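Order of appearance sets the numbers: ligands from 1, and atoms from 1 within every ligand. These numbers were taken from a predicted model, which means no experiment stands behind them.
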Amino acid sequence: MGASRIGIFYQVLILILGIGLQVDAMTTVTAKVGDTVTLFCESIKDEDLTLVSWRLKLNEADNEQLISFSPGSNKITKKDIPGYKDRITMNEDFSLNISNVGIQDEKIFFCFTLVGSDIVETAVLIKVYKQPSNPEIIQPAPFLDEGKLQQVGVCVVNNSYPAANITWQYNLKNVDNNSPGVKIVEKITLSDKGFYNTVSSLEYLSKREEGRISFTCQVTYFEDIDRRTSKVSSPVAVFVHYNTSRVSLQVSPAQDIEEGTNVSLSCSGDGYPPPDKFTFTKNGQEKAVSTNQYELMNVTQEDTGEYACLQQDNPDIKDPVNITVHYLALTMNPNENVSKLVGENITLECIAVSSGTVNVTLMKKNNIYPNPITLESLQYSHSGTYTCRAKIREVKEMKREKSIVIRVEGKPRINKLTKKVLNNTKVISCVVEGFPKPIVQWSINGTAPKEEPIKDRRLQWCHKITVQPSENITVTCTAINTHGQDQDTVNLTAMRFKEPVDETLEQDPLDPNKKSDKNKGNDQAKVIVGVIVGLLIAAIIAGVVYWLYKKKSPTSKSKTNERGTADEIKKINKGDNNHTAGSSAV
Ligand SMILES: *[C@@H]1O[C@H](CO)[C@@H](O)[C@H](O)[C@H]1NC(C)=O
Ligand SMILES: *[C@@H]1O[C@H](CO)[C@@H](O)[C@H](O)[C@H]1NC(C)=O
Ligand SMILES: *[C@@H]1O[C@H](CO)[C@@H](O)[C@H](O)[C@H]1NC(C)=O
Ligand SMILES: *[C@@H]1O[C@H](CO)[C@@H](O)[C@H](O)[C@H]1NC(C)=O
Ligand SMILES: *[C@@H]1O[C@H](CO)[C@@H](O)[C@H](O)[C@H]1NC(C)=O
Ligand SMILES: *[C@@H]1O[C@H](CO)[C@@H](O)[C@H](O)[C@H]1NC(C)=O
Ligand SMILES: *[C@@H]1O[C@H](CO)[C@@H](O)[C@H](O)[C@H]1NC(C)=O
Ligand SMILES: *[C@@H]1O[C@H](CO)[C@@H](O)[C@H](O)[C@H]1NC(C)=O
Ligand SMILES: *[C@@H]1O[C@H](CO)[C@@H](O)[C@H](O)[C@H]1NC(C)=O
Ligand SMILES: *[C@@H]1O[C@H](CO)[C@@H](O)[C@H](O)[C@H]1NC(C)=O
């Protein structure tokens with residue numbers, strides 16, 4: 001079913017040769033392969049029919065009768081024409097059905113009627129259409145080489161009737177057949193069943209900048225007498241290949257390469273596909289042939305040089321890059337912890353070796369020393385950590401640091417041995433220095449000593465004991481370390497006697513009534529000076545009073561004079577005082 005009857009009458013006069021009959025016009029009926037087509041008989045008139053017959057034009061000379069009907073006998077006669085007998089039926093309106101239409105049916109059929117003695121014959125042309133297979137691109141090129149006219153693929157469209165046309169599209173736009181970079185060769189063949197198989201091959205001259213190109217082919221075919229349809233193939237993507245004209249070498253890190261780090265060289269080419277092998281050279285000598293990566297592990301200053309990567313098949317294409325491996329080696333002299341004796345000398349030095357301009361500092365805590373430095377006559381205070389720091393100006397973040405510990409050792413020394421009366425006890429302090437830390441031993445007769453916690457002062461230690469002697473005793477403090485020993489003694493009076501004042505007796509800071517001997521002495525001096533000055537003033541006042549008395553002046557005047565004299569006395573007093581202080585200091 002679905003055969004369409006075209007109501008178009010072609011004003012074409014066809015002379016039916018041989019018969020000599022004149023046919024008015026020819027109707028064209030279209031049908032798709034496999035359909036059933038109905039041919040209407042245009043020559044039927046509402047008159048008494050004697051005969052209706054459908055004929056097929058075999059050639060210019062012959063018509064073959066296929067089927068006929070004579071109303072008189074009401075009989076349909078089918079002639080045994082191969083290929084038709086089983087496919088034709090005549091309908092009641094005398095139209096002819098042809099089932100399973102094929103291209104062999106694309107012929108002219110005649111409806112022949114006999115009405116009385118009038119013969120009328122009308123022609124019907126069957127036009128057959130066959131929708132082709134979907135277009136398909138076979139043998140697609142894996143890639144296109146730049147600048148070469150090269151086959152992209154072959155578009156195949158099978159079983160079309162009539163012949164279909166193939167066009168090519170480049171990135172969805174039609175390919176211009178007349179362009180110099182395009183060559184299309186089309187070949188049409190007939191299949192066994194008489195359909196057209198169309199094969200179109202496309203050759204294309206690609207350019208490198210085209211990159212990836214998508215090709216499709218489109219088939220345009222007649223679906224009906226005036227209706228064209230097209231179908232598009234699946235796209236085929238092709239990459240344009242081109243040679244590398246430039247390579248580029250990337251170094252990571254690009255700058256500030258430090259010794260001991262890893263450096264990665266990576267090479268790339270501008271060709272497509274990108275080259276997968278490169279030769280890496282250093283100072284012109286081949287170092288490696290590898291993919292685009294070349295690693296320098298744990299670089300040293302020997303790795304400094306001109307590196308290049310070059311394309312394997314064309315060594316002229318290369319990219320050289322200079323790589324400088326910076327190094328900064330710092331040593332300290334002496335280069336390990338040292339122990340020295342008090343009074344010895346030591347020289348410290350920071351030695352930096354580097355590829356660039358180095359800035360070296362020698363320091364201890366926050367103090368910066370000249371480099372090198374000789375520490376003469378070492379003291380315990382020289383003990384500590386000495387640090388060398390080196391920085392290189394060319395590479396930021398590149399620094400080194402070395403530290404050593406200098407230990408100043410010496411035999412113990414008792415710096416102070418003092419006693420103090422405190423709270424009805426006597427506290428003896430023994431302040432020692434020395435390194436390693438001295439062990440302190442007390443030697444006393446009398447009461448058992450009560451040792452107090454050792455106080456760690458800067459560079460020295462303070463040992464204390466508390467005693468309550470019942471007799472006059474001697475206390476010995478002995479400090480011992482690996483380098484020797486020191487010892488000092490102090491005399492303690494029994495608790496019941498007053499402690500005689502000597503240089504080892506410390507004043508109790510909690511007892512404000514007790515004053516140290518020196519201060520006490522000073523005060524006594526002041527008291528004496530005060531008494532003398534007082535006597536002087538009294539004498540002067542007495543003199544002045546006597547003089548006033550002699551002059552017999554008024555009391556008011558005498559008051560002013562009195563004050564003036566007092567001021568003078570003060571001045572004198574001050575001067576005397578100064579003098580006294582000066583003489584007491586001597
Ligand atoms: C002839 O074909 C038409 C459609 O083209 C269909 O409707 C009709 O039934 C067919 N007649 C017979 C006798 O098969
Ligand atoms: C088209 O026809 C050719 C030749 O008969 C055959 O080799 C090919 O497979 C067919 N292709 C399609 C898509 O039908
Ligand atoms: C195919 O191309 C020919 C020649 O250009 C043209 O005559 C014909 O009508 C075309 N067919 C279709 C289906 O477009
Ligand atoms: C790096 O090289 C130095 C000197 O060649 C070597 O002492 C060091 O162990 C190496 N480090 C590593 C991680 O390989
Ligand atoms: C130096 O002494 C310090 C502190 O005592 C210590 O941490 C360090 O390991 C010593 N260094 C050497 C090289 O002995
Ligand atoms: C330390 O140096 C001073 C001055 O150079 C020198 O007089 C002294 O002998 C040196 N002391 C030692 C222990 O070398
Ligand atoms: C003195 O002794 C009293 C009582 O024995 C005590 O409370 C006080 O804390 C002591 N003072 C000192 C400084 O030891
Ligand atoms: C201290 O002890 C010594 C000997 O152990 C002794 O000779 C001396 O008399 C003692 N002194 C006192 C005050 O006890
Ligand atoms: C302690 O007393 C003795 C004798 O009593 C005396 O020889 C010695 O010099 C005194 N020592 C001190 C440090 O005062
Ligand atoms: C103990 O010392 C005190 C003061 O130094 C002194 O007055 C006293 O006589 C001494 N006692 C003895 C037994 O030596």
(message) Please check whether Thr300 reaches ligand 4 - meaning an N/O of the residue sits under 3.5 Å from an N/O of the ligand, judged on distance alone.
(response) no
(request) Can you label the angle between the Tyr369 ring and the Tyr386 ring as parallel, tilted or perpendicular, going by 30° and 60°? (result) tilted
(message) With a 4.5 Å cut-off on side-chain heavy atoms, are Val240 and Lys207 touching?
(response) no
(message) Does this structure show an ion pair linking Lys437 with Asp456, if we count only N-O contacts that are shorter than 4.0 Å?
(response) no
(message) Check this for me, if you would: do Glu401 and Lys399 make a salt bridge, where the nitrogen-to-carboxylate-oxygen distance has to be below 4.0 angstrom?
(response) no
(message) Is it the case that over 12 heavy atoms from other parts of the model lie below 6.0 angstrom from the NZ atom of Lys419?
(response) yes
(request) State the NE2-OG distance between His241 and Ser206, to the nearest 0.5 angstrom. (result) 9.5 Å
(request) For ligand 10, list the protein residues that place a heavy atom within a distance below 4.0 Å of one of its atoms, sorted by chain and number. (result) Asn472, Thr493, Phe497, Pro500
